[in-house]
Amino acid sequence: MFGALRRCPASLMRNLSSATLSSRALRATVSQSSPAVRRTATWVPNVAIAAFHQSATWRQVAAAEVEVDQQLGSDGPITQFKELATHGLVHPNVINTITRQMRLETMTEVQTRTINEALSGSDVIAQAKTGTGKTLGFLVPVVQKIINEDPRLGERARGYKKARPDDIRAIVISPTRELAEQIAVEARKITSGTSVVVQVAVGGTQKRMMLAKTQREGCHLLIATPGRLLDILSDEYSGVKAPRLNSLVMDEADRLLDDGFSKEIEEIKNYLPDPAEVDRQTLMFSATVPREVVDLVRRTLKPGFHYARCVDEDEQPTHERVPQRVVQLAGFENTMPALYELTKREIQARQAGSPFKAIIYFNSTAEVTLAASVFFKLSGGFRRNTPLSNTRCYEIHSKLSQGQRTKASDSFRFADSAILFSSDVTARGMDFPNVTHVIQVGLPRDRDSYIHRLGRTARAGKEGEGWLFLSPAEEHEVRRRLRQLPLLQDSSLETATVDMAAEGEMPENVAKLLEEVVNAHKKVYPEHLDNAFRGLFGAYQWYGDKRGLLEMANRLAQFGWGMDTPPPPPSSLLSRMGGVGRGRSSGGFGVRPGGRGRVVGRSGGGDRMGGRFGDRRGDSRDSFGGRDRSGAFGGRGGDFNDRRGGGGFERGPGRPTNFY
DNA sequence: GAGACGG
């Protein structure tokens, strides 16, 4: 059936290629054709052509495709791995490994669609949520294509496993090193019964070692990150060439095509053979396909590409299915106390046999490092019998060595109960089993980023929940950036809204918790504090009110970290604010910290915070009992009883009616 | 002065 695609009549192709077709006209064209044409067009890769028409959205195209499929009475795609071998579509040695060693029988939806389509030779862009087996979806057809070119590679003949270094037939590009390694593990598995040679090229490893290995063993399938790939392709002396490349896979394609990567990707293409001379199949995979990517895709993929929108209409995507709560913080300084309160509570609530496995995302690497160190102190280091002593803390971001990154990622992957403090390195594609919580501190750069991070939990049919901690700086931006997401306001964390500058009374348990957290900050390396402080201004560069930002940051340093004098902000910030003098006398640079009309920063004692919280005794919640505070002290029972929001959030645990 | 991607 799929071979028939190549024989798709030229006349039909021409019709479908006409950029003036709407999806409706396209359907009509197909359904009015003769039975023979209709049959050959069963999987009409060219339905996607309709996307060339400006009025056709991806959704319409996908709908048209399904409809055409139904109308034409397709005998349906192959859904069992075994059948791929019995129909002679994929080499039995590959399929046997999948069915016997990996114990997979039925393909997932994304696998069904992409494998069938890609084997037919058309370009594919596949949209599927994470954790649905996208990797096999492109590895199977890519490996098969390699075997097609040289059938001897299907066998595991001794001696034949020697490929030449310039034999690269397929390249898979991934935005992060860890994801590339994860893909390579799968690739080596499915090629273990064949003579196909897999190599990995990622940064942070020894380039010479990798090149020597490639010289020695050769390479058919190369899995790489953009930087290193460009590095070795452009290295005339000792690099690699791919004159016979005929498959290119972009995993997390939307990420690869956006600002940060697109330039490198373009450059990489300059080193690859001209598609006009060497026919090349391109496969793009992504969990989200934002509108801006569409134009790029049109230019990148061959006309007649296939769009596999493997998002089940009936099944809710992760970001609609997973419960998500928003914690509105009184200030930056409330972040760590609230995180600590939340994790402690969740760990205690889960003790018996159900582990707590969380990823906490931050927007700068320095914040990741700081939070991880503080939590390490809070968990009592390596001491036993603390609330967090059975929960290991790990840290991962791009500023660590590759060795540290790999260790953290593997440790967390196999951990039962643990917290991973992370930057966006792990936001996409990474498969950590059984993550129960994804906590995002600060507003992510965009909506997709939020969704990808959230996608680390509730995978493979498991439960999970999302949390978003927001500072006052983000109150307005969140409505713009995270529209239409079921974010439910949560006010169950007492430390989230408490005024940490308040000299007034506060409940003993809250005071104690704050003291613990502030003291932990005093035990970490001072440069961690300085770096995180500076990092904030980068992470919040979108925030217009620089003055207000500095004021909030100063409060963080004073009341959250117990510093007498906030660290200096980046000098560029001061020039941006304009007209603000520098000076340490006010207890900070540029802006006097404090706000809320309270006089602060007078006491000179080094242990001021400790003293304050230490002296606080006696439950005096009444003094806090003023208006609007009630929710914060309502105990754990009433989760959704917020009354501050003003926006009117859903109260009950049911489906939220109010969206940002 | 962010994040990811080569040293």
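A note on names: the letters A, B, ... follow the listed sequences, proteins ahead of strands, and every chain is numbered from 1.
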Visitor: Sub-3.5 Å donor-acceptor pair from the side chain of A:Q558 to the main-chain atoms of A:D564, do we have one?
Guide: yes

Visitor: Taking the minimum atom-to-atom distance to the side chain of A:F261, which one of B:dC5, B:dG3, B:dG6 wins?
Guide: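 Shortest atom-to-atom distance from the side chain points to B:dC5.
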
Visitor: Check the distance between B:dA2's P and A:E367's CD and give it to me in whole angstrom.
Guide: 10 Å

Visitor: The side chain of A:T365 lies closest to which of these nucleotides: B:dG6, B:dC5, B:dG3?
Guide: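 Taking heavy atoms from C-beta onward, the closest nucleotide is B:dG3.
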
Visitor: Taking only the side-chain nitrogens and oxygens of A:R534, find out if one of them lies under 4.0 Å from OP1 or OP2 of B:dA2.
Guide: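 Looking at the OP1 and OP2 atoms of B:dA2, neither is under 4.0 Å from any side-chain N or O of A:R534.
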
Visitor: For A:G538, answer base if it contacts any base atom (sugar-phosphate contacts may also be present), sugar-phosphate if it contacts only those atoms, and nothing otherwise; contact means non-hydrogen atoms under 4.0 Å.
Guide: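 Base contact.
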
Visitor: Just by distance, no angles: are the side chains of A:Q328 and A:E475 close enough, under 3.5 Å, to form a donor-acceptor pair?
Guide: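 Absent: no donor and acceptor within the cut-off.
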
Visitor: Report which part of the nucleic acid A:S423 touches: base, sugar-phosphate, or nothing (heavy-atom distance under 4.0 Å, all strands).
Guide: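 Counting heavy atoms under 4.0 Å across all strands, the contact made by A:S423 is with sugar-phosphate only.
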
Visitor: Under 4.0 Å, heavy atoms only, any strand: does A:R405 hit a base, just the sugar-phosphate, or nothing?
Guide: sugar-phosphate

Visitor: Starting from C1' on B:dC5, measure out to CG on A:L233 and report it in whole angstrom.
Guide: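 Going from CG in A:L233 over to C1' in B:dC5 covers 14 Å.
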
Visitor: Applying side chain to side chain donor-acceptor pair (under 3.5 Å), can you list everything that pairs with A:S364, at least two apart in sequence or on another chain?
Guide: A:E367

Visitor: Within the 4.0 Å heavy-atom criterion, would you say A:K263 contacts the bases, only the backbone, or no part of the nucleic acid?
Guide: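 Since no nucleic acid heavy atom lies under 4.0 Å of A:K263, the category is nothing.
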
Visitor: Does A:T225 put a side-chain nitrogen or oxygen below 4.0 Å from OP1 or OP2 of B:dG6?
Guide: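 For B:dG6, OP1/OP2 do have a side-chain N/O of A:T225 under 4.0 Å.
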
Visitor: Using whole Å, report how far CZ of A:R255 lies from P of B:dA2.
Guide: 16 Å

Visitor: Considering only side-chain heavy atoms of A:S364, which listed nucleotide, B:dC5, B:dA2, B:dG6, is closest?
Guide: B:dA2

Visitor: With a 4.0 Å limit, can you tell me whether A:R428 has a side-chain N or O closer than that to the phosphate oxygens OP1/OP2 of B:dG3?
Guide: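 No.
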
Visitor: Quick one: A:L257 CG to B:dC5 C1', roughly how many Å, whole number?
Guide: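 So the two atoms are 14 Å apart, to the nearest Å.
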
Visitor: Which whole-number value in Å describes the distance from A:H452 NE2 to B:dG3 P?
Guide: 19 Å

Visitor: Identify each donor-acceptor pair in which a side-chain atom of residues 171-178 of chain A lies under 3.5 Å from a protein atom, sequence neighbours left out, and give them as a table.
Guide:
from: A:S174; atom 1: OG; to: A:T176; atom 2: N; distance (Å): 3.3
from: A:S174; atom 1: OG; to: A:T176; atom 2: O; distance (Å): 2.7
from: A:S174; atom 1: OG; to: A:A180; atom 2: N; distance (Å): 3.3
from: A:T176; atom 1: OG1; to: A:L179; atom 2: N; distance (Å): 3.4
from: A:R177; atom 1: NE; to: A:G203; atom 2: O; distance (Å): 3.3
from: A:R177; atom 1: NH1; to: A:Q402; atom 2: OE1; distance (Å): 2.8
from: A:E178; atom 1: OE1; to: A:R405; atom 2: NH2; distance (Å): 2.7
from: A:E178; atom 1: OE2; to: A:Q402; atom 2: NE2; distance (Å): 3.4
from: A:E178; atom 1: OE2; to: A:R405; atom 2: NE; distance (Å): 2.9

Visitor: Rounded to whole angstrom units, what separation is found between the CE atom of A:M250 and the P atom of B:dC5?
Guide: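 Between P of B:dC5 and CE of A:M250: 17 Å.
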
Visitor: Is there a donor and acceptor pair closer than 3.5 Å between the side chain of A:D231 and the base of B:dG6?
Guide: yes

Visitor: Take atom CZ of A:R208 and atom P of B:dG6, then tell me their distance rounded to the nearest Å.
Guide: 19 Å

Visitor: Starting from P on B:dG3, measure out to CD on A:E395 and report it in whole angstrom.
Guide: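 So the CD-P distance, A:E395 to B:dG3, works out to 12 Å.
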
Visitor: With no hydrogens and no angle check, is any side-chain donor or acceptor of A:R555 less than 3.5 Å from a backbone partner on A:E551?
Guide: no

Visitor: Measure from the side chain of A:R445, starting at C-beta and using heavy atoms only, and say which of B:dG6, B:dC5, B:dA2 lies closest.
Guide: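 Ranking B:dG6, B:dC5, B:dA2 by closest atom to the A:R445 side chain puts B:dA2 first.
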
Visitor: Just say parallel, tilted or perpendicular for the rings of A:W542 and A:Y540, cut-offs at 30° and 60°.
Guide: tilted

Visitor: Classify the nucleic acid contact of A:T205 as base, sugar-phosphate or nothing, counting any heavy atom under 4.0 Å across all strands shown.
Guide: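 Contact class for A:T205: sugar-phosphate only.
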
Visitor: Among the candidates B:dG3, B:dG6, B:dC5, find the nucleotide nearest to the side-chain atoms of A:E264.
Guide: B:dC5

Visitor: With a non-hydrogen cut-off below 4.0 angstrom, is A:G260 in contact with a base, only sugar-phosphate, or nothing?
Guide: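 Contact class for A:G260: base.
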
